[in-house]
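Here the structure is a predicted model, which is why all the values come from computation and not from measurement.
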Amino acid sequence: MNEIGEFALLLALATALYGVVSYVMAFRSNRVDVFLSADKTPIIVWACVMVSSIVLWRAFMINDFSLQYVASYSNIDLDPFYKFSSFWGGQKGSLLFWTLILTTYMMVVHIQNRKQNIRLVPIALAVMMVIAVFFLVLLNFSTNPFEVIPLPPEDGRGLNPLLQNYWMVIHPPTLYLGYVGFTVPFAFATAALLTKNLDDGWIRLTRKWTLVSWFFLCMGNLFGAQWAYIELGWGGYWAWDPVENAAFMPLIVATAYLHSVMIQEKKDMMKVWNMSLILLTFVMTIFGTFITRSGLIQSVHTFDEATLGYYFLAFLGVIIAFAVTMILIRLPLLKSKNELDSFLSREASFLLNNLVLLGIAFSTFWGTIFPIVSEAFRGVKITVGPPFYNQVNVPIGMVLLALIGIGPVIAWRKASWSNLKKNFTKPVSVAAVGGAIMFPFVPLTDKSEIFTYITFILCIFVMTSMLIEFMKGTGARMQAHGESPVSALSGLVWKNKSRYGGYIVHLGVVLLFAGIAGSQSYSDDVEKNLSVGERFHLRGYDFIYEKLLVKEENSTKTRVIAQLGIERDGQRVWTGMPEKEFYKGQKQPVSEVDLISTLKEDVYMILADFNPDNSSATLKVYVKPMVKWMWLGGWVIAFGTMICVWPDRLEARRRVERLKRQEAIFMPAQE
Amino acid sequence: MKKIRIYMMIIAALVMLAAATHSWAASQMANLENALMCKCDDKCGKVLINCTCDTSKETRKTLMAKLESGLTVDQIIKQYVDKYGETILSAPTKKGFNLSAWITPFVALVIGGFGVRKVIQSWMRKAPAQNDSQAGEADEPQPETSSGKYSKKLHDELDRLES
């Protein structure tokens with residue numbers, strides 16, 4: 001059976017190569033017969049990779065330890081749920097998983113555009129196939145997941161215990177869906193450059209792909225943060241690790257693109273800029289993969305066998321050289337109208353937003369590669385950790401937050417003073433009043449607390465300006481159509497999905513900012529070594545250490561649990577069960593935290609150490625405010641994005657009308 | 001009674017002093033844990049304050065002992081840098097070549113800011129002079145401008161003529 005999987009990978013490679021050649025030939029020579037022969041290749045490549053993946057999943061499920069990959073990342077006692085996710089637990093499987101998603105997207109693009117967009121789609125598919133060929137070459141000749149062990153072991157080494165968490169089943173696929181998703185807009189942008197079809201066509205075709213990829217990348221980052229919070233047991237959720245940065249950077253660049261592309265759609269401006277941003281987003285996704293798989297930069301997330309650095313570096317070099325060359329060659333064709341009436345305009349605020357977003361992406365990139373720069377110039381290896389990113393990115397992030405409130409309510413083209421006064425008086429006043437009310441209650445003893453206070457004021461400003469937009473629209477509909485507030489609000493959102501969906505995403509981002517600020521600055525913690533029956537107090541909670549339990553879960557896993565009674569105002573509110581899990585063959589135990597999570601605060605309990613002889617335990621407890629706001633913000637972002645991508649006939653009609661208007665302006669009627 | 005009051009005051013002062021010393025020690029320890037990376041065999045790559053491995057526990061004990069021996073945070077950090085090199089620090093120092101790590105992002109932002117300003121200025125030069133009545137165009141439908149009214153009237157009259 002495993003031979004079928006291996007053969008399917010070879011077949012996929014051969015078909016993808018054929019697809020690339022035939023699509024390009026068909027396009028260059030305008031031959032329908034060649035095009036028709038290429039037409040089935042996306043489906044065949046996808047089917048081959050799917051067969052290969054099913055074979056590997058089967059090997060995990062039936063404990064086929066003759067495969068080196070299965071023996072390395074699974075064992076007999078592993079829960080079937082985690083056997084399923086072991087597929088992407090190591091380098092080889094994760095590359096196959098990446099290829100599976102890529103070829104699935106390729107097939108969807110093929111089906112979506114079967115009888116349309118013939119000017120771009122063949123070349124876009126050829127570009128996607130070139131990328132698939134790269135991954136298939138790696139899978140066939142460098143990191144084959146079907147490599148066989150001559151003498152198979154009786155049991156496997158097992159999956160890293162840290163990965164045995166439900167968030168680790170959800171987080172990597174979500175992240176990959178986002179990472180790989182940006183291949184589609186990249187392929188269409190490249191196709192537009194190659195075929196000189198540099199109007200808005202490629203943007204319209206890939207708008208939803210970009211939004212969906214952005215959504216998955218955003219949720220992937222948040223799911224990763226939740227995994228870190230629950231599983232790593234240090235009370236935090238984001239450590240600015242190079243691999244976290246690698247997932248964060250494309251998200252930020254893509255966010256800049258999503259904003260600036262609106263200017264091109266509405267005003268036919270910034271063609272070069274948008275093209276560069278989408279190419280940069282894709283480059284960033286490959287850079288992230290390079291970091292994970294090169295072992296060049298030290299990271300918690302790097303794969304054990306990080307040996308593919310040179311392949312990815314070469315691939316990255318080729319992509320960058322190609323993208324820069326193509327943009328330079330097509331520069332005359334990318335010239336757009338580029339007219340602006342005033343600094344005080346939405347266009348200018350979007351440019352500022354792009355500058356700030358790219359500033360964050362650049363500082364993150366700079367921090368990630370600075371250890372290599374330092375080693376190259378000074379011969380001294382250094383570390384760039386959270387203190388650097390927090391000090392550099394926090395002030396820039398606060399400017400970004402302010403722009404979230406300013407951008408959407410400032411007028412297109414030119415804002416008059418009366419427009420500014422009308423739109424900003426209320427949000428600024430509410431923020432000022434909010435700041436004054438908060439002032440006596442929030443501590444302002446250090447820089448971090450002052451930044452948090454300013455962030456809260458900015459959050460109020462943005463929230464108010466967004467809510468006013470909703471209220472204005474709802475009021476107008478109530479007046480015009482005599483609707484009830486609820487139906488007016490839902491009608492408003494439904495009839496202007498991209499605009500109000502975007503505002504909802506902004507509300508989610510505000511919650512995210514507030515959650516990060518609150519949990520970073522106002523957290524409290526205590527670590528105590530306790531005997532059974534002893535108690536301690538933290539921020540209104542009393543913790544009583546009740547007992548130590550030892551449970552043999554199975555032959556490979558032992559759990560040590562500390563039972564804690566938690567009281568508030570003399571009432572028992574929770575029984576905490578933080579634990580440590582010991583896995584056979586693993587040096588370090590894994591912490592399983594216990595958590596009371598409310599909108600106000602999280603009570604986060606860790607069993608730091610224990611002594612089985614006298615049943616004493618060292619317990620660390622954090623009280624972290626507003627953590628839940630971040631997760632809630634994530635769901636609000638998800639909801640807003642869903643609204644944005646929901647099919648909208650009205651918006652499609654509006655876009656067609658706008659295009660007609662643009663054509664009428666730029667292409668005067670022929671005599 | 002007066003003596004008791006004095007004893008009470010001394011005890012309260014001692015308790016407050018002990019609490020202040022404890023919180024000062026805790027903040028010094030937190031500063032150290034934030035400034036240093038964990039140096040375990042597994043190369044966990046975490047800042048000490050975020051690390052939960054066995055090595056980090058040992059390091060914390062050593063650091064606490066050093067603080068209690070009277071060494072300052074800076075002295076302890078220097079000892080660690082001498083022993084392990086700069087890689088033990090969680091962030092680059094703010095001097096010499098490392099200063100470029102801190103400055104470059106802001107320099108890039110300032111240069112980008114000037115670039116954006118220049119771009120906007122060049123776009124503004126290209127823009128034809130706009131009628132003030134067109135300023136402040138937001139997403140909402142705007143009241144009809146006078147030229148719009150006339151063109152509607154013209155269309156209506158042409159329609160009437162054709163019919």
**Student:** Which pair of heavy atoms, one from A/S374 and one from B/F97, lies closest together, and at what distance?
**Tutor:**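 For A/S374 and B/F97, the tightest heavy-atom pair comes out as CA-CE2, 3.8 Å.
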
**Student:** If we only count heavy atoms from C-beta on, is the B/T104 to A/F370 side-chain gap below 4.5 Å?
**Tutor:**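 No. Closest side-chain heavy atoms not under 4.5 Å.
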
**Student:** Just by distance, do the side chain of B/K46 and the backbone of A/W234 share a donor-acceptor pair under 3.5 Å?
**Tutor:**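 Checking the backbone N and O of A/W234 against the side chain of B/K46, no donor-acceptor pair under 3.5 Å is found.
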
**Student:** Can you tell me which portion of B/N34 sits under 4.5 Å from chain A's heavy atoms? Options are side chain, backbone, both or neither.
**Tutor:**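 Backbone only.
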
**Student:** Where does A/A608 contact chain B at under 4.5 Å (heavy atoms): side chain, backbone, both or neither?
**Tutor:**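 Backbone only.
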
**Student:** For A/Y389, is it the side chain, the backbone, both or neither that has a heavy atom under 4.5 Å from a heavy atom of chain B?
**Tutor:**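 Contact with chain B is absent: no heavy atom of A/Y389 under 4.5 Å.
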
**Student:** Rounded to the nearest 0.5 Å, how far does CZ of B/R117 lie from CZ of A/F343?
**Tutor:**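 Reported value, rounded in 0.5 Å steps: 6.0 Å.
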
**Student:** Which pair of non-hydrogen atoms, one from A/P387 and one from B/W102, has the smallest distance, and what is that distance?
**Tutor:**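 Heavy-atom minimum between the residues: O-CH2, 4.2 Å.
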
**Student:** Could you walk me through whether B/W123 and A/E347 satisfy the side-chain contact (heavy atoms from CB on, under 4.5 Å) test, starting with their C-alpha distance in whole Å, then the side-chain angles of each, then the deciding distance to 0.1 Å, before giving a yes or no?
**Tutor:** CA-CA 11 Å; B/W123 289 357; A/E347 290 92 331; 5.9 Å; no

**Student:** Heavy-atom count check: over 12 atoms from other residues, nucleotides or ligands less than 6.0 Å from B/K78 NZ?
**Tutor:**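 No.
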
**Student:** Side chain, backbone, both or neither: which part of B/T93 has a heavy atom under 4.5 Å from chain A?
**Tutor:**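 Contact with chain A: none, neither part.
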
**Student:** If you tally heavy-atom pairs under 4.5 Å against chain B, which of A/V384, A/I606, A/V392 wins?
**Tutor:**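 Among A/V384, A/I606, A/V392, the one with the most close pairs to chain B is A/V392.
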
**Student:** Not counting sequence neighbours, list each pair that qualifies as a salt bridge (Lys or Arg N to Asp or Glu O under 4.0 Å) and has a residue in residues 85-95 of chain B.
**Tutor:**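 Residue pairs passing salt bridge (Lys or Arg N to Asp or Glu O under 4.0 Å), neighbours aside: A/R378-B/E86.
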
**Student:** Taking the side chain as C-beta and beyond, is there a heavy-atom pair between B/I120 and A/L351 under 4.5 Å?
**Tutor:**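 Sidechains of A/L351 and B/I120: in contact.
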
**Student:** OG of B/S90 to CH2 of A/W240: how many Å apart, nearest 0.5 Å?
**Tutor:**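 Output value for this atom pair is 14.5 Å.
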
**Student:** Less than 6.0 angstrom separating the ring centers of B/F106 and A/F362, yes or no?
**Tutor:**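 Ring centroids of B/F106 and A/F362 are no less than 6.0 Å from each other.
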
**Student:** Under 4.5 Å heavy-atom distance to chain A, tell me which part of B/A101 shows up: side chain, backbone, both or neither.
**Tutor:**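 Answer is both: backbone and side chain atoms of B/A101 are under 4.5 Å from chain A.
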
**Student:** Side chain, backbone, both or neither: which part of A/L344 has a heavy atom under 4.5 Å from chain B?
**Tutor:**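 Looking at A/L344, nothing touches chain B.
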
**Student:** Can you tell me how far the CG atom of B/N50 sits from the CG atom of A/D241, to the nearest 0.5 Å?
**Tutor:**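 Going from CG on B/N50 over to CG on A/D241, the span is 11.0 Å.
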
**Student:** Would you say the side-chain atoms of A/T383 pair up with the backbone N or O of B/T87, donor to acceptor, closer than 3.5 Å?
**Tutor:**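 Yes, A/T383 side chain to B/T87 backbone: donor-acceptor pair under 3.5 Å.
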
**Student:** Looking only at heavy atoms, which two atoms of B/P105 and A/F388 are closest? And how far apart?
**Tutor:**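 Looking at all heavy atoms of both residues, the shortest contact is CG-CZ, 4.4 Å.
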
**Student:** Relative to chain B, which of A/G236, A/S342, A/A239, A/A348 shows the most heavy atom pairs under 4.5 Å?
**Tutor:**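 Among A/G236, A/S342, A/A239, A/A348, the one with the most close pairs to chain B is A/S342.
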
**Student:** Under 4.5 Å from any heavy atom of chain A, what part of B/L109 do you find: side chain, backbone, both or neither?
**Tutor:**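 B/L109 touches chain A through backbone and side-chain heavy atoms alike.
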
**Student:** Select one option (side chain, backbone, both, neither) describing which atoms of A/V380 are under 4.5 Å from chain B's heavy atoms.
**Tutor:**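 Side chain only.
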
